[in-house]
2 protein chains.
Amino acid sequence: MARAGLTRSIVGVDQNGAAIEQNVVEERPLTIYLNSQEIVTAMTIGDYPEYLALGFLRNQGMLEGAGAVTRVDYDDDLDIVVVRTDQPTNHEEKLKKKTRTSGCAVGTVFGDMMEGLEGLRLPEAELRTSWLYALAAEINTTPSLYLSAGAIHGTVLCRADQPLVYMEDVGRHNAVDKIAGWMMQNDAAPEDKILYTTGRLTSEMVIKCAHMGIPVLASRSGFTAWGVEIAQQVGLTLIGRLRGTRFQCLAGADRIVWDADLSRVKDEPKKSARKAST
Amino acid sequence: MARAGLTRSIVGVDQNGAAIEQNVVEERPLTIYLNSQEIVTAMTIGDYPEYLALGFLRNQGMLEGAGAVTRVDYDDDLDIVVVRTDQPTNHEEKLKKKTRTSGCAVGTVFGDMMEGLEGLRLPEAELRTSWLYALAAEINTTPSLYLSAGAIHGTVLCRADQPLVYMEDVGRHNAVDKIAGWMMQNDAAPEDKILYTTGRLTSEMVIKCAHMGIPVLASRSGFTAWGVEIAQQVGLTLIGRLRGTRFQCLAGADRIVWDADLSRVKDEPKKSARKAST
């Protein structure tokens, strides 16, 4: 359920000292509980709190052994989401070990970041270069909070050349978690999906994508060395610096089918081009 | 002390399937201890681990009441920094309450984010618009890891129109903490400084800057509503979207002295312009 008021108009001055009104993105605390246990407080723009809570807990591996999710309750006044499962959970130990991940990819990872990735191999899949160009062109020209207020990140769940679900947030880790929550609620199969992010391909993004079982992660931004290493380890296709006709693939290039005619791919129009988060 | 190998060359393919070699930024875990207590593991490019640890602990308010810092030991093999103080410390309680802050600003904030800000008013200071343009022009054309490898953030400590210290990291919260550590070690006065960041002006960036006692925070990126609110509350001058001849000030405009002749400020050359982190 989306919450109203994702942006606010704020009055200030410009370089000439003239009064201006700037549309600024909101940033609100949302405290996530798993059954009776407080897990974390996340700063978020505030839409889809249930998806964010579900996806965060899932991507942290905190729902494993918890059985079915029986309820997700959101309290608008208290800014709290409570996720209830039919088996009891206790993550006291896990909560003690925190890793503060990198920059834009970030958030907090509880327990061992690599936990659950041992022996994981992502499924066979095909990635047509024509899909990449079609997705980039559509995503970069889709109206978004970014275009209206800036200071926000987007993540898009795609199938072949079709964007399926757009999520945005102040932190892209939140946007990805919202996608994970949406996939859970809608029982979406991951193996034929492509995850697109406006953000950098750091270890946390690669790990989240792997936990979600999605074999392809694409971005217009750059890579980190550890992100590439993990992608190679789990067999994830990692596409970065996807802009106009260009991209780089530093892991899982074996999935790529080179079907695009580059001479017919338009370079992106300057005005509609999103900035990469670098 | 800087650590070698901040970037690594990785082999991949480009949009034509041709082999490429891309220079990619490193991302390594660094575990920070305060005396005998493990506080957090941060993902970092790995330079200036002592500044990062000191600045992180200081900006978290964890050094208050701890007396003098007696030693900072860095272990290159274990990726551990131990900060020792002459008074014992115990942050068990604080470590229980975590806030996962927003996006690029991020990291983990322990305890109440607003703790220590009550009643804080930043010192009187003058901010000449000519300084802003001079700083932006110099910073945007200074060679950096960003320009060579991307996927990195920069923070610069400045006085008047002079950049004094550049720090970069995968996460800009780390870059700011390194600046705070440098200021502690060098006994730098904050009241005549300007903090410049490539990143967004979120609540965490504003809070860190306020804790550091620096009255001006400038960025080429955008704002969040809560970041602006906190800046107004503590009397911080917040300059955003500083690009070419343009900028916006959404808090503390009273410090601005309009001395720049805009007709003589050059718009930034496309090729040297950094992307904003949005």
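Numbered from 1 within each chain, the chains take letters A, B, ... in sequence-line order.
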Inset, instruction - Enter the distance from Trp226(B):CH2 to Glu26(A):CD here, rounded to the nearest 0.5 Å. - result: 11.5 Å
Legend entry - Toward chain A: residues of residues 254-261 of chain B with heavy atoms under 4.5 Å: Trp258(B)
Legend entry - Contacts of type side-chain contact (heavy atoms from CB on, under 4.5 Å), residue Ser219(A), not counting sequence neighbours: Thr197(A), Leu201(A), Ser221(A)
Legend entry - Minimum heavy-atom distance between Arg246(A) and Gln15(B), given as atom pair plus value: CA-OE1, 3.5 Å
Inset, instruction - Test Gln248(B) against every option in Ile20(A), Val13(A), Ile10(A) by the side chain to side chain contact (heavy atoms under 4.5 Å, CB included) rule and name the one that passes. - result: Ile20(A)
Inset, instruction - For Gln232(A), enumerate each residue passing the side-chain hydrogen bond (donor to acceptor under 3.5 Å, both in side chains) test, keeping only those at least two apart in sequence or located in another chain. - result: none
Legend entry - Spacing of CG belonging to Asn16(B) relative to CZ belonging to Phe247(A), to within rounding of 0.5 Å: 8.0 Å
Legend entry - Arg8(B) portion near chain A, given a 4.5 angstrom heavy-atom threshold: side chain
Inset, instruction - Check each atom of Val228(B) against the heavy atoms of chain A and say whether the ones under 4.5 Å are side chain, backbone, both or neither. - result: side chain
Inset, instruction - Could you check which of Ala253(B), Gly240(B), Ala251(B), Gly17(B) has the highest count of heavy-atom pairs closer than 4.5 Å to chain A? - result: Gly17(B)
Inset, instruction - Indicate yes or no for a side-chain donor-acceptor contact from Glu27(B) to the backbone of Thr224(A) under 3.5 Å, with no hydrogens or angles considered. - result: no
Inset, instruction - Grab the two heavy atoms, one from Val24(B) and one from Leu250(A), that are nearest each other, plus how far apart they are. - result: CG2-CD1, 3.9 Å
Inset, instruction - Output the option from Gly12(B), Ala175(B), Cys249(B) having the highest count of non-hydrogen pairs under 4.5 Å with chain A. - result: Cys249(B)
Inset, instruction - Quick one: which residue pairs count as a salt bridge (Lys or Arg N to Asp or Glu O under 4.0 Å) with a foot in residues 10-24 of chain B, not counting sequence neighbours? - result: none
